[in-house]
Amino acid sequence: MTMMNSIPCMIMRGGTSRGPFLRMRDLPDSQEEQTEILLNLMGSGHALQIDGIGGGDPLTSKVAIVERSSDPEADVDYLFAQVDVLNRRVDFNPNCGNMLSAVGPYAIETGLVEPQEGTTIVRVRNLNTQRLIECHVPTPGRQVAYEGDTRISGVPGCAAGIQLSFLDIVGTKTGALLPTGQATDTIDGIEVTCLDAATPIMMVNAADLGLSGRESPAELDDRPAMLKRLEMIRREAGRRMGLGDVSQSVLPKPVLLSAPSSDTATLCTRYFVPHRCHKAIAVTGAIAVATAVSVPGTVANRIAIGAEKLSAAGRLSQVRLEHPSGFIDLDVEHRNENACDIARVSLIRTARKIMSGTIFYSLPATPSLDTLTSKAS
């Protein structure tokens with residue numbers, strides 16, 4: 001027997017991602033119960049997520065859960081959930097900076113934050129990482145502006161620009177910028193950089209895997225032998241980073257790096273999520289790579305040096321990353337001129353409100369006991 005339930009919902013595009021935005025107060029306290037609800041409202045377990053609102057792709061199978069914050073330094077709390085498309089699994093462990101792009105507008109739209117004239121700064125505490133982000137939302141006439149002339153790669157058209165500033169990004173999951181204690185490790189004969197800034201990633205020179213680094217996502221997804229090897233390296237990297245067995249987690253994310261094709265770019269990236277190549281690059285992944293550029297000896301640093309993109313001081317405050325859909329620009333602020341001590345990383349994203357209303361979902365009378373859930377840390 002199933003029971004029909006409903007919950008208030010706003011569907012929003014944030015950056016290059018899309019998904020439902022929910023209030024924490026409207027969900028049960030138990031994460032197991034939250035998991036069951038998210039799986040059903042997204043329609044997971046079917047390639048098209050036909051019985052829910054998921055889009056059959058990791059980038060459109062995401063959920064943002066927002067609530068007023070108890071932290072005096074924050075206005076709202078944001079919990080991100082990556083809902084698996086094919087498997088009945090929800091991962092609360094990673095963060096998503098693209099979905100975060102819409103948290104500020106959502107907080108204002110739902111009355112969690114009072115809009116100011118011109119620009120409203122929404123201070124967000126990310127519960128996945130316990131870090132703060134400042135969202136500068138355009139609010140002319142004390143209304144959220146979605147229309148504008150800002151264009152971001154991977155999204156058609158233009159919209160109003162939203163500045164995101166990520167504070168104290170180092171060691172969000174492992175407690176260290178270089179969790180293994182060194183700039184490079186060798187795994188399966190491949191030189192790898194394990195780094196944790198905004199999100200844990202493992203970086204590999206694409207050439208070391210016999211790739212140019214400019215292959216399309218479809219071409220990379222069609223290389224099963226390479227994907228299998230990359231996953232083996234990822235799992236060992238996760239173990240060395242202190243994340244344990246990551247076979248059921250999306251962290252760390254693999255990133256293939258190469259020299260850019262454009263003179264204006266710092267690096268060319270191919271970012272995995274983690275078993276399929278991202279059609280662009282995740283915001284948090286871009287932050288991690290941008291941070292790594294200035295850290296001596298990392299894979300990113302060596303390729304950037306080869307491309308002669310670094311300043312004489314060995315740091316780079318403005319980083320442009322090439323990805324399959326275009327480019328992403330980041331401003332990196334180093335604290336006390338220390339390349340390994342990052343004060344903040346800022347970038348511009350856009351967001352759009354798609355719909356607001358009530359979403360319906362079905363739940364079994366007794367929740368499934370074999371639902372797999374990755375707990376938030």
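Only heavy atoms go into these numbers, but all of them, side chains included; no hydrogens, no water, no symmetry mates. In this text, all values refer to a predicted model and were calculated from it rather than measured experimentally.
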* **Atom pair CD1 (Ile354) and CE (Met10), whose distance is rounded to the nearest 0.5 Å** => 11.0 Å
* **Closest contact, heavy atoms only, Arg18 versus Ile11** => CG-CG2, 4.3 Å
* Answer yes or no: does atom CD of Glu114 have more than 12 heavy-atom neighbours from other residues, nucleotides or ligands under 6.0 Å? => no
* pair Thr174-Cys194: side-chain heavy atoms closer than 4.5 Å -> no
* Asked: Heavy-atom count around Asp29 CG within 6.0 Å, excluding the residue itself: above 12?
  -> no
* **Connected via hydrophobic side-chain network under 4.5 Å: Ile348 and Ile121** => no
* Test: Arg302 and Glu191 ion pair at under 4.0 Å -> yes
* **side chain to side chain donor-acceptor pair (under 3.5 Å) partners of Asp329, counting only residues at least two apart** => Arg320
* Asked: Are Ile359 and Leu363 linked, directly or through other ILVMFWY residues, by side chains that come within less than 4.5 angstrom of each other?
  -> yes
* Side chain of Thr139, backbone of Gln116: donor and acceptor closer than 3.5 Å? -> yes
* Would you check if Arg270 and Pro324 make a side-chain contact, meaning some heavy-atom pair closer than 4.5 Å? => yes
* CD1 on Ile303 to CG on Asn205, rounded to 0.5 Å -> 4.0 Å
* Asked: Should Ser262 and Phe327 count as side-chain neighbours, where that means a heavy-atom distance under 4.5 Å?
  -> yes
* Would you check if Leu100 and Asn126 make a side-chain contact, meaning some heavy-atom pair closer than 4.5 Å? => no
* Donor-acceptor pair, side chain of Thr193 and main chain of Val299, under 3.5 angstrom -> yes
* **Working for side-chain hydrogen bond (donor to acceptor under 3.5 Å, both in side chains), residues Glu32 and Ser30** => CA-CA 5 Å; Glu32 285 79 8; Ser30 164; 3.1 Å; yes
* Structure fact -> Rounded to the nearest 0.5 angstrom, the OG1-CG distance for Thr298 and Leu177 is 9.0 Å
* Asked: Any chain of hydrophobic side-chain contacts (each under 4.5 Å) joining Ile53 to Leu22?
  -> yes
* Structure fact -> Taken to the nearest 0.5 Å, the spacing of Thr284 OG1 from Ile281 CD1 works out to 9.0 Å
* For Leu39 and Tyr361, run side-chain contact (heavy atoms from CB on, under 4.5 Å): C-alpha distance rounded to whole Å, both residues' side-chain angles, the deciding distance at 0.1 Å, then the answer. => CA-CA 9 Å; Leu39 289 169; Tyr361 59 92; over 6 Å; no
* To do: Quick one: closest heavy-atom pair of Arg352 and Tyr146, and the distance?
  => CA-CD2, 3.7 Å
* **Exam field: side chain Lys173 to backbone Pro94, donor-acceptor pair closer than 3.5 Å** => no
* Structure fact -> Only residue of Ile342, Leu347, Ile169 satisfying side-chain contact (heavy atoms from CB on, under 4.5 Å) with Val332 is Ile342
* Count the heavy atoms belonging to other residues, nucleotides or ligands that lie under 6.0 Å from CD of Glu117, then report whether that count exceeds 12. => yes
* Single-linkage hydrophobic cluster, 4.5 Å side-chain cutoff, Val63 and Leu127 together -> yes
* **NZ/NE/NH1/NH2 to OD/OE distance under 4.0 Å, Lys228 and Glu231** => no
* Structure fact -> Those residues at least two apart in sequence (or on a different chain) that pass ring-ring contact (aromatic ring centres under 6.0 Å, His included) with Tyr106 are Phe21
* To do: With Asp168 as reference, evaluate Arg344, Gln130, Arg335 under the side chain to side chain donor-acceptor pair (under 3.5 Å) test and give the passing residue.
  => Arg335
* **Check: Arg214 side chain, Thr269 main-chain N or O, donor-acceptor pair, under 3.5 Å** => no
* To do: Verify, without hydrogens or angle tests, whether Glu219 (side chain) and Pro217 (backbone) share a donor-acceptor contact under 3.5 angstrom.
  => no
* To do: Please check if the side chain of Arg234 supplies one atom and the backbone of His275 the other of a donor-acceptor pair under 3.5 Å.
  => no
* Asked: Does the side-chain contact (heavy atoms from CB on, under 4.5 Å) test come out yes or no for Leu195 and Met203, once each step is laid out?
  -> CA-CA 8 Å; Leu195 183 137; Met203 291 169 284; 4.0 Å; yes
* Please walk me through it: do Leu330 and Ile287 pass side-chain contact (heavy atoms from CB on, under 4.5 Å)? -> CA-CA 7 Å; Leu330 305 101; Ile287 290 172; 3.8 Å; yes
* Structure fact -> Heavy atoms of Pro105 and Met12 approach each other most closely as CB-CE, 4.0 Å
* To do: State whether the side chain of Arg349 and the backbone N or O of Met99 hold a donor-acceptor pair below 3.5 Å, judged by distance alone.
  => no
* Given the rule that I, L, V, M, F, W and Y join up when any side-chain heavy atoms are under 4.5 Å apart, are Leu230 and Val273 in one cluster? -> no
* Asked: Does the side chain of Val137 come within less than 4.5 Å of Val113's, by heavy atoms?
  -> no
* Structure fact -> So salt bridge (charged side-chain N to carboxylate O under 4.0 Å, His left out) across residues 52-79, not counting sequence neighbours, yields Arg23-Glu67, Asp57-Arg276, Asp57-Lys279, Asp71-Arg125, Asp75-Arg123, Asp77-Arg125
* Judged by atom type as modelled, is there a donor-acceptor pair below 3.5 Å linking the side chain of Asn5 to the main-chain atoms of Ser362? -> no
* Which atom of Asp196 lies closest to which atom of Ala176, heavy atoms considered -> CB-O, 3.3 Å
* Met24 versus Val66: any side-chain heavy-atom pair under 4.5 Å? -> no
* Asked: Judged by atom type as modelled, is there a donor-acceptor pair below 3.5 Å linking the side chain of Ser294 to the main-chain atoms of Leu316?
  -> yes
* To do: Could you tell me which non-hydrogen atom of Ser249 sits nearest to which non-hydrogen atom of Pro274, and how far apart they are?
  => O-CG, 4.4 Å
* Structure fact -> Between the CD atom in Glu322 and the OG1 atom in Thr264, the distance rounded to the nearest 0.5 Å is 8.0 Å
* **Chi angles and distances behind the side-chain contact (heavy atoms from CB on, under 4.5 Å) call for Glu236, Asp188** => CA-CA 9 Å; Glu236 175 59 19; Asp188 192 34; over 6 Å; no
* If you measure from OG on Ser44 to CG on Asn87, what distance do you get to the nearest 0.5 Å? -> 9.0 Å
* Is there side-chain contact between Asp245 and Gln248, with heavy atoms separated by less than 4.5 Å? -> no
* Nearest heavy-atom pair of Gly15 and Asn98: which atoms, and what distance? -> CA-OD1, 3.3 Å
* Within-4.5 Å side-chain heavy-atom neighbours: Arg88 and Glu36 -> yes
